[in-house]
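Model, not experiment: these values are computed from the prediction.
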Number of protein chains: 4
Amino acid sequence: MAGVNKVILVGNLGRDPEIRHLENGTPVANFTLATSESYTDRNTKERKTTTEWHNIVLWRGLAEIAEKYLRKGNSVYIEGKITTRSYQDQQGVTKYITEIVGQNMTMLGGAQRNDNAGNGYPAQQPANQQVNSPQAQPMASKQETPASVDFSSDETDDLPF
Amino acid sequence: MAGVNKVILVGNLGRDPEIRHLENGTPVANFTLATSESYTDRNTKERKTTTEWHNIVLWRGLAEIAEKYLRKGNSVYIEGKITTRSYQDQQGVTKYITEIVGQNMTMLGGAQRNDNAGNGYPAQQPANQQVNSPQAQPMASKQETPASVDFSSDETDDLPF
Amino acid sequence: MAGVNKVILVGNLGRDPEIRHLENGTPVANFTLATSESYTDRNTKERKTTTEWHNIVLWRGLAEIAEKYLRKGNSVYIEGKITTRSYQDQQGVTKYITEIVGQNMTMLGGAQRNDNAGNGYPAQQPANQQVNSPQAQPMASKQETPASVDFSSDETDDLPF
Amino acid sequence: MAGVNKVILVGNLGRDPEIRHLENGTPVANFTLATSESYTDRNTKERKTTTEWHNIVLWRGLAEIAEKYLRKGNSVYIEGKITTRSYQDQQGVTKYITEIVGQNMTMLGGAQRNDNAGNGYPAQQPANQQVNSPQAQPMASKQETPASVDFSSDETDDLPF
DNA sequence: TTTT
DNA sequence: TTTT
């Protein structure tokens, strides 16, 4: 059966990405992303804000970009799909977690950026620069500080669209 | 902070919608939706399918549409947002559930429809008919069998776009 | 600057796809897609329908799928991007045309299907079947009658997500 | 027939919004939005950028927000639908123009902001603040400088989702 | 030109 | 638990 499972988020990182590597070396990044919306309470007429937290998972090249350029507080556009998986917690209880697996990402210059002075990380990324990079392959040029990576439109270089 | 939290799903109902009513009468519908994708296993070259299950929540008019026209197996387009809430299970353990709150829905004619013969349910809905209905208000005409309801573009009647 | 240019359409083909081939053999399919919405006229209280027509362009594998399985009247989900190009008409006047370049497509079983009896075309496609196929490469199995092709998630076979 | 006609754009304004008013006072804003993507030329291995320009139309409250807070160069998220209309140019020739009618908008802090010093315009908007405002009705508080307005989720104040 |  |  044909399905569509698409998520589009614009929000801010709740913490720095955590990077792990599978045994075969494949990098994975995890972080939380807050998407907020505000509304006026019908009774009190007060402005209120609700925030939704999303568990983001990025693989391979996107994980590397996250490691290099994303920090707590940064604003990003993420396109991906919803996945739910189960795992055993420390008491052996089966738990479920829903995560967004990112397939496309664009850094937005909207939020404060940690410049991570003296921490070995690059400080500033140019807001809204873009890179299109083959999946399962490191960024061609490590000097670039991309604000967008779309692993979903690989191989379109040099094509008539 | 400005956020975007948008989900787009095309899938099939895993079961008939369950309808409840809040104390004030507000209807809520719940069902699960399967979105499948198929791929070729790199090693075995076999075709495989993975299915993701989504917990769908519909409120008010959309819940009424679901009650009337959606059945197990039906194919629908659902646009909404991701929400996660916690609750206490029967052992008093805090659990989390991620749900998709539908904001727009279009029935697709893709899957077999239960005609629920003799069960008090309406049998066939015309595939791909559309209705635009004010939120928090029952469908104007109960005779209609809409395949699409968009509560997000209310009040656009008679406007220049 | 980082950009997002994404279109999501569910609609019906206004005519059979036209297939052309570039000099290097690359196939291109063109057709129009109608997306309709209905609303109630605020004054007359009549139900009205407005239809928007989109110029769809599909390349390579998606063009081949369209040629094989899509016919006038069929219902499809198309994800792509907006592009505008100029050309000279027969009087030498510069004209502009906006087109949707499809990047992902799912056939929906919603509309009547032309079975094209005796016309050399395959008659029925199974509604809502799915195929994921490498870009710039013909379908692995011509016997399959896919209802979904996503060229944007190529190469994800055998990966941990 | 059930249709979906949805566009999601993240880009930068090519010029300040132009605001007009219908005879009945309804405000309309027009501007162009650039969405860029970069890629590596397969032959020259050079980084290249292509930019797509979109004609944006905003009505009522969104037009007012645009007038107040959007300037050339600003980065915005816009969700809307594709529309094509015809008109007669000054030679009486029928022309077609495709426009994106915005239904939801979020200001992103990504691009340089004109501070329009001494021009009577408000200078800085707080990046990524959000407002949800009833359609066809001016913003409740003119003091606010919203970065997000979603006219598609009106009337959801005080509701259980 | 589609669809209901 | 759906769908093909």
Side-chain angles (χ1 to χ4, degrees), chain A residues 1-5 84, chain B residues 9-18 30-39 47-56 69-76 78 106-114 124-132 143-149, chain C residues 9-18 30-39 47-56 69-76 78 106-114 124-132 143-149, chain D residues 1-5 84:
Chain A
M1 115 50 213
V4 173
N5 175 357
T84 299
Chain B
L9 304 174
V10 173
N12 297 277
L13 278 78
R15 50 179 165 83
D16 286 0
E18 293 173 9
N30 287 272
F31 55 86
T32 54
L33 190 79
T35 58
S36 303
E37 56 180 325
S38 44
Y39 62 97
R47 279 317 275 170
K48 293 191 172 170
T49 296
T50 60
T51 296
E52 200 65 37
W53 286 97
H54 309 272
N55 300 302
I56 308 294
Y69 304 113
L70 289 185
R71 292 295 173 270
K72 177 178 176 175
N74 285 176
S75 176
V76 285
I78 290 180
T106 296
M107 298 171 69
L108 307 169
Q112 87 288 4
R113 275 156 255 145
N114 286 339
Q124 288 287 94
Q125 96 280 9
N128 282 31
Q129 189 175 329
Q130 179 168 314
V131 163
N132 190 300
Q143 283 93 288
E144 296 188 63
T145 53
S148 176
V149 182
Chain C
L9 303 174
V10 173
N12 297 277
L13 278 77
R15 50 179 166 85
D16 286 1
E18 292 173 9
N30 288 272
F31 56 87
T32 54
L33 191 78
T35 58
S36 304
E37 57 180 324
S38 45
Y39 62 96
R47 277 320 271 169
K48 293 191 172 170
T49 296
T50 58
T51 297
E52 201 65 37
W53 286 96
H54 310 272
N55 301 302
I56 308 294
Y69 304 114
L70 288 186
R71 292 294 173 270
K72 177 180 176 175
N74 285 177
S75 175
V76 285
I78 291 180
T106 296
M107 298 170 69
L108 306 169
Q112 88 285 6
R113 274 155 254 147
N114 285 339
Q124 287 287 94
Q125 96 279 9
N128 282 32
Q129 188 175 329
Q130 180 168 314
V131 163
N132 190 302
Q143 283 93 288
E144 297 189 63
T145 54
S148 176
V149 182
Chain D
M1 115 47 216
V4 174
N5 174 357
T84 299

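Counting all heavy atoms, side chain and backbone alike, B/G14 lies closest to B/W53 at CA-CZ3, 3.5 Å.
Checked against F/dT1, F/dT2, E/dT2, the side chain of B/R15 finds its nearest nucleotide in F/dT1. In this structure, the nucleotide among E/dT1, E/dT2, F/dT1 sitting nearest to the side chain of C/T32 is E/dT1.
Taking atom CD of residue C/E52 and atom P of nucleotide E/dT4, one finds them 19 Å apart after rounding to whole Å. One interatomic measurement links the two molecules: CG of C/L9 to C1' of E/dT2, which rounds to 13 Å at whole-angstrom precision. Regarding C/N55, its CG atom lies at a distance of 14 Å from the C1' atom of E/dT2, rounded to whole Å. If you take CG of B/N74 and C1' of F/dT2, they are 10 Å apart, rounded to a whole angstrom. Counting to the nearest Å, the C1' atom of F/dT2 and the CZ atom of B/R71 are 15 Å from each other. In this structure, B/W53 atom CH2 and F/dT2 atom C1' are separated by 4 Å, rounded to whole Å. As a whole-Å value, the separation of C/N12 CG from E/dT4 P is 7 Å. One interatomic measurement links the two molecules: NE2 of B/H54 to P of F/dT2, which rounds to 15 Å at whole-angstrom precision.
The side chain to side chain donor-acceptor pair (under 3.5 Å) test applied to D/T84 returns D/T98, not counting sequence neighbours. Take B/N55 and apply the side-chain contact (heavy atoms from CB on, under 4.5 Å) test, not counting sequence neighbours, and it matches B/T32, B/I97, B/E99.
For the pair C/I56/C/N30, no side-chain contact is recorded, criterion being any heavy-atom separation below 4.5 Å from C-beta on.
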